[in-house]
Trainee: 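Can you keep this structure in mind? I'll have questions shortly.
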Amino acid sequence: QVQLVESGGGSVQAGGSLRLSCAVSGDTIGAYCMGWFRQAPGKEREGVALIGRTLFTNYADAVAGRFTISKDNSVNALNLQMNSLKPEDSAMYYCAARRAYCAGSHLASARSWDLWGQGTQVTVSS
């Protein structure tokens, strides 16, 4: 059974940085398209970034240039480096995996992802 477990969330002031990680167990991360989503209270879950099996990446406009997605196949982990954080980045952040191919459009559809972690909270204060 494949499991995704996020870590690294916390509270930070605007302009600060956080690094999220997602540990994958039960299968090899290289077999999946991997992504990060976030959901703020009262809002829909939205795509943040994805990385494909060929290391293709795509970012939401709101985070492009500030966030970097990466994966480490040697330790089966997905990462999200978040810099220049803003209060509007505050949300629960979720790791997601998709068994099929990656396309930029998959960031727009949470329904197209197969596996989800439990989430890690990020709070950015002004």
Side-chain angles (χ1 to χ4, degrees):
Q1 182 179 358
V2 181
Q3 290 189 320
L4 311 178
V5 179
E6 301 94 337
S7 62
S11 297
V12 65
Q13 290 191 329
S17 299
L18 283 173
R19 184 177 178 84
L20 305 184
S21 292
C22 172
V24 179
S25 61
D27 206 344
T28 304
I29 192 173
Y32 295 85
C33 169
M34 300 296 299
W36 287 98
F37 284 73
R38 65 187 183 186
Q39 188 167 18
K43 295 188 177 181
E44 292 188 356
R45 191 167 296 191
E46 63 175 1
V48 174
L50 62 77
I51 183 167
R53 287 172 284 189
T54 59
L55 302 185
F56 158 79
T57 59
N58 194 50
Y59 296 89
D61 290 344
V63 307
R66 299 187 296 122
F67 291 11
T68 302
I69 189 171
S70 63
K71 60 179 180 178
D72 188 338
N73 289 348
S74 67
V75 295
N76 237 27
L78 176 73
N79 300 304
L80 184 69
Q81 179 66 42
M82 306 186 295
N83 298 329
S84 301
L85 283 161
K86 304 175 181 180
E88 51 264 44
D89 294 319
S90 297
M92 185 71 79
Y93 281 71
Y94 297 92
C95 174
R98 175 181 160 81
R99 294 186 179 93
Y101 71 98
C102 256
S105 59
H106 291 130
L107 269 185
S109 173
R111 295 180 182 179
S112 65
W113 295 75
D114 303 306
L115 302 167
W116 292 89
Q118 294 300 307
T120 186
Q121 180 67 41
V122 172
T123 302
V124 185
S125 58
S126 57

Trainee: Quick one: does any side-chain atom of Glu6 pair with a main-chain N or O of Gly119 as donor and acceptor, under 3.5 Å?
Mentor: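 It does hold such a pair.
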
Trainee: So do the side chains of Tyr32 and Arg53 get within less than 4.5 Å of each other, counting heavy atoms only?
Mentor: no

Trainee: Side chains of residues 66-76: which donor-acceptor pairs under 3.5 Å do they make with residues two or more places apart or in other chains?
Mentor:
unit_1 : atom_1 : unit_2 : atom_2 : d
Arg66  : NH1    : Ser84  : O      : 2.9
Arg66  : NH1    : Asp89  : OD2    : 2.8
Arg66  : NH2    : Ala62  : O      : 2.8
Arg66  : NH2    : Asp89  : OD1    : 3.0
Arg66  : NH2    : Asp89  : OD2    : 3.4
Lys71  : NZ     : Gly52  : O      : 3.3
Asp72  : OD1    : Ser74  : N      : 3.0
Asp72  : OD1    : Ser74  : OG     : 2.4
Asn76  : OD1    : Ile29  : N      : 2.8
Asn76  : ND2    : Val24  : O      : 3.1
Asn76  : ND2    : Asp27  : O      : 2.7

Trainee: With heavy-atom distances below 4.5 Å as the criterion, would you say the side chains of Arg19 and Asn79 are in contact?
Mentor: yes

Trainee: Within the structure provided, determine whether Leu20 and Val122 are in side-chain contact (heavy-atom separation under 4.5 Å).
Mentor: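 Yes, at least one pair of side-chain atoms sits under 4.5 Å.
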
Trainee: In the hydrophobic clustering (ILVMFWY, side-chain contacts below 4.5 Å, transitive), which residues join Phe37, or is it alone?
Mentor: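 Phe37 shares its hydrophobic cluster with Leu50, Phe56, Met92, Tyr94, Leu107, Trp113, Trp116.
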
Trainee: To the nearest 0.5 Å, how far apart are OG in Ser126 and CD in Gln13?
Mentor: 9.0 Å

Trainee: Indicate, with yes or no, if Leu55 and Tyr101 share a hydrophobic cluster defined by side-chain heavy-atom contacts under 4.5 Å among Ile, Leu, Val, Met, Phe, Trp and Tyr.
Mentor: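 No; tracing contacts between hydrophobic side chains, which count when under 4.5 Å, never links both residues.
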
Trainee: Between Ala60 and Gly47, what is the shortest heavy-atom contact and its length?
Mentor: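 Heavy atoms only, the tightest pair is CB-O, 3.4 Å.
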
Trainee: For the residue pair Ala91 and Ala40, what are the closest heavy atoms and their distance?
Mentor: CB-N, 3.9 Å

Trainee: Between Arg98 (side chain only) and Ser112 (backbone N and O only), is there a donor and an acceptor less than 3.5 Å apart?
Mentor: yes

Trainee: Does the side chain of Val124 reach to within under 4.5 Å of the side chain of Met82, using non-hydrogen atoms?
Mentor: no

Trainee: Could you give the distance from CD (Glu44) to CD (Gln39), rounded to the nearest 0.5 Å?
Mentor: 8.5 Å

Trainee: Can a donor-acceptor pair be found between the side chains of Asn83 and Gln81 at a distance below 3.5 Å?
Mentor: yes

Trainee: Can you list every disulfide (SG to SG under 2.5 Å) pair that touches residues 64-126, not counting sequence neighbours?
Mentor: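 Residue pairs passing disulfide (SG to SG under 2.5 Å), neighbours aside: Cys22-Cys95, Cys33-Cys102.
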
Trainee: How many angstroms lie between CE in Met34 and CG in Leu4, if you round to the nearest 0.5 Å?
Mentor: 5.0 Å

Trainee: Rounded to the nearest 0.5 Å, how far apart are CZ of Arg45 and CZ of Arg111?
Mentor: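 Interatomic distance, Arg45 CZ to Arg111 CZ, rounded to 0.5 Å: 12.5 Å.
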
